[in-house]
Undergrad: 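Below is one structure. I have some questions about it.
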Protein chains: 2
Amino acid sequence: MPRRRDPARTRRKLLAAGYREFYRHGFQGGSLKRIVESAGITKGALFHHFAGKKELGYAVLEEFLYPAVKSWWVEPLAASDDPVPVMQSIFGRFRKLLDQEKAEEGYLFNGCPICNYAAEMAPLDDGFRERLDRLYTAWRRAISTALKRGQDAGRVRADIRPADEAAFLVAAFAGTAATGKVTRKAASFHGALRAIDRHLEGLRA
Amino acid sequence: MPRRRDPARTRRKLLAAGYREFYRHGFQGGSLKRIVESAGITKGALFHHFAGKKELGYAVLEEFLYPAVKSWWVEPLAASDDPVPVMQSIFGRFRKLLDQEKAEEGYLFNGCPICNYAAEMAPLDDGFRERLDRLYTAWRRAISTALKRGQDAGRVRADIRPADEAAFLVAAFAGTAATGKVTRKAASFHGALRAIDRHLEGLRA
DNA sequence: CTTGCAACCGACCGCCGGGTATGTAACCCT
DNA sequence: AGGGTTACATACCCGGCGGTCGGTTGCAAG
């Protein structure tokens, strides 16, 4: 069999398999054996591309989840001075995603991958904690600066504190996913999302 | 050394040690060896009182965390037909607790123990998921029925959906703890709590 | 006082985890 | 063409894990 080489592709497969494995089983519970099997490669390749399990975990965070937050939240918000409808549409997109996803692979089953990482690893490893902090900070900053711009443009209530609201919204999102996966009923998930929507509505000037 | 026996006490110590260990290291990452050492007893005793690691985890959930939710949320809310100030005072008590706690043992460091369990174990084990579901359901029900009573008493806005708000508030609480432990700065934590408070204020009739 | 059992002890076990050492084949450069 | 390096594959290692098991001892009932 004429083996072809494509290190970049191998690395991507590893990253994707690692993402799935850690998403489902947690970082500590995630097994490198399962990761390499699911990626269709071997341990040798894994340890060639990553120094160890932790580094793979870090890479998933930086090269998978960070960009996801950027494209879902940071970029849409950066382009607008009317953040409320933008955020509503983000939550809306997310709602649609919920109904499409296959049973055992999505948010309804596994929650928010970022929040999962945070819940498990933040107290245990500073490498994870710092990377998560950077991610959440960027996320909150995107919201809070957009809210500030919205205030300046007269589209967002002046009497709210953008930083507080940002922290709150990110937390609400994380918590919704975390509690939703327990129930596994889309109804409860959607209920919390409706309340978030109502809250967002209340931010309008 | 004249060993004294006190099975109930032994069981309690085991439960407490298990709680701490799983809180800090997660369930999968938690070590029975450490639990036994920290409780000052032996593996024999542990396996005498509990069938295995999972059963200890279940017991922590049912005998430690469930009662905590009851005394923090369910009972105070059951006694009132004006839930908004009650919930504000609960969050207030929680804020105070935040400032008192020792660095590596509290919410600011380890987040919400229930949410940690949920994030890690809900997708992995139905025993955990069902118990967590019961817990969260009781929590949400306490809030939602109190809100309903508040609406009937004319103290809570009639145009909100109690069930949605309950799901949302529980989620916000969980998420606040989960994201707060990443930053480890009380300021960010308090910011989110202020926003929650503002949201609660908005529920008044 | 004895008997019986619940409570507990601690050495031991098998397994599976992350990690490594060594080999080999594809690819690149000159 | 061929040497060097990168990209893998495979077999192996060791530690720690959850769990077991025979033994001992406090303690209450008869």
Side-chain angles (χ1 to χ4, degrees), chain A residues 1-61 63 117 120-121 124-128, chain B residues 1-61 63 117 120-121 124-128:
Chain A
M1 60 174 95
R3 282 184 2 244
R4 293 263 312 277
R5 283 191 170 172
D6 191 340
R9 192 177 131 86
T10 302
R11 198 191 141 89
R12 278 200 314 270
K13 284 204 293 184
L14 238 10
L15 228 58
Y19 166 74
R20 283 196 308 269
E21 174 71 10
F22 297 146
Y23 190 25
R24 191 80 151 266
H25 293 90
F27 179 74
Q28 300 183 100
S31 146
L32 295 186
K33 185 169 169 254
R34 278 196 301 257
I35 289 176
V36 297
E37 278 168 3
S38 129
I41 48 121
T42 63
K43 262 193 185 179
L46 195 160
F47 279 87
H48 175 73
H49 285 280
F50 300 96
K53 192 188 188 186
K54 231 157 60 172
E55 278 66 30
L56 177 59
Y58 293 167
V60 167
L61 209 47
E63 300 176 35
Y117 262 106
E120 184 184 4
M121 296 308 294
L124 284 179
D125 181 273
D126 266 328
F128 276 110
Chain B
M1 61 175 95
R3 280 181 7 240
R4 294 262 312 279
R5 282 190 172 172
D6 191 341
R9 191 177 132 85
T10 302
R11 198 189 140 89
R12 279 200 314 271
K13 285 205 292 185
L14 238 12
L15 228 57
Y19 166 74
R20 284 196 309 269
E21 174 72 10
F22 297 146
Y23 191 24
R24 191 78 152 267
H25 293 90
F27 179 74
Q28 300 184 102
S31 147
L32 295 187
K33 186 172 169 250
R34 277 196 301 258
I35 289 176
V36 161
E37 281 167 0
S38 128
I41 48 123
T42 62
K43 267 201 184 168
L46 194 159
F47 279 87
H48 177 72
H49 286 279
F50 300 96
K53 192 188 189 187
K54 230 157 62 172
E55 278 67 29
L56 177 58
Y58 293 167
V60 167
L61 210 46
E63 300 176 35
Y117 262 106
E120 184 184 4
M121 297 308 295
L124 284 179
D125 181 273
D126 266 329
F128 276 110

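Residue numbering restarts at 1 for every chain, and letters A, B, ... go by the order of the sequence lines. Remember, predicted model here, so these are calculated numbers, not experimental data. Computation of the quantities below employed the complete heavy-atom set of this structure, encompassing side-chain atoms and omitting hydrogens, waters and symmetry-equivalent molecules.
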Undergrad: Please give me every residue in residues 32-60 of chain B whose heavy atoms get under 4.0 Å of an atom in DNA chain C, ordered by residue number.
TA: B:I41, B:T42, B:G44, B:A45, B:H48, B:H49
Undergrad: Below 3.5 Å, can you tabulate the donor-acceptor pairs from side chains in residues 10-18 of chain A to any protein atom, sequence neighbours excluded?
TA:
residue	atom	partner	partner atom	Å
A:T10	OG1	A:D6	O	3.2
A:R11	NH2	A:E63	OE1	2.8
A:R11	NH2	A:E63	OE2	2.4

Undergrad: Take the protein atom NZ of B:K13 and the nucleotide atom P of C:dA7, then report the distance between them rounded to whole Å.
TA: 15 Å
Undergrad: Can you measure A:Q28 atom CD to C:dC16 atom C1' for me and round it to whole angstrom units?
TA: 16 Å
Undergrad: Hey, could you give me the CZ/OG distance between A:R20 and A:S38, rounded to the nearest 0.5 Å?
TA: 4.0 Å
Undergrad: What's B:G30 touching, base or sugar-phosphate or nothing? Going by heavy atoms closer than 4.0 Å.
TA: sugar-phosphate
Undergrad: Atom CD1 of A:I35 and atom NZ of A:K53: how far apart are they, to the nearest 0.5 Å?
TA: 7.5 Å
Undergrad: Roughly how many Å is it from CG in B:L14 to P in C:dA7, rounded to a whole number?
TA: 13 Å
Undergrad: Which whole-number value in Å describes the distance from B:R9 CZ to D:dG26 C1'?
TA: 16 Å
Undergrad: If you round to the nearest 0.5 Å, how far is CG of B:D126 from CE of B:M121?
TA: 10.5 Å
Undergrad: Starting at NZ of B:K43, measure out to NZ of B:K33 and round the result to the nearest 0.5 Å.
TA: 9.0 Å
Undergrad: Less than 6.0 angstrom separating the ring centers of A:F128 and A:F27, yes or no?
TA: yes
Undergrad: Within the pair A:T10 and D:dA7, is there a side-chain N or O less than 4.0 Å away from OP1 or OP2?
TA: no
Undergrad: Which nucleotide in the set C:dG17, C:dC27, C:dA6 lies at the smallest distance from any side-chain heavy atom of B:R5?
TA: C:dA6
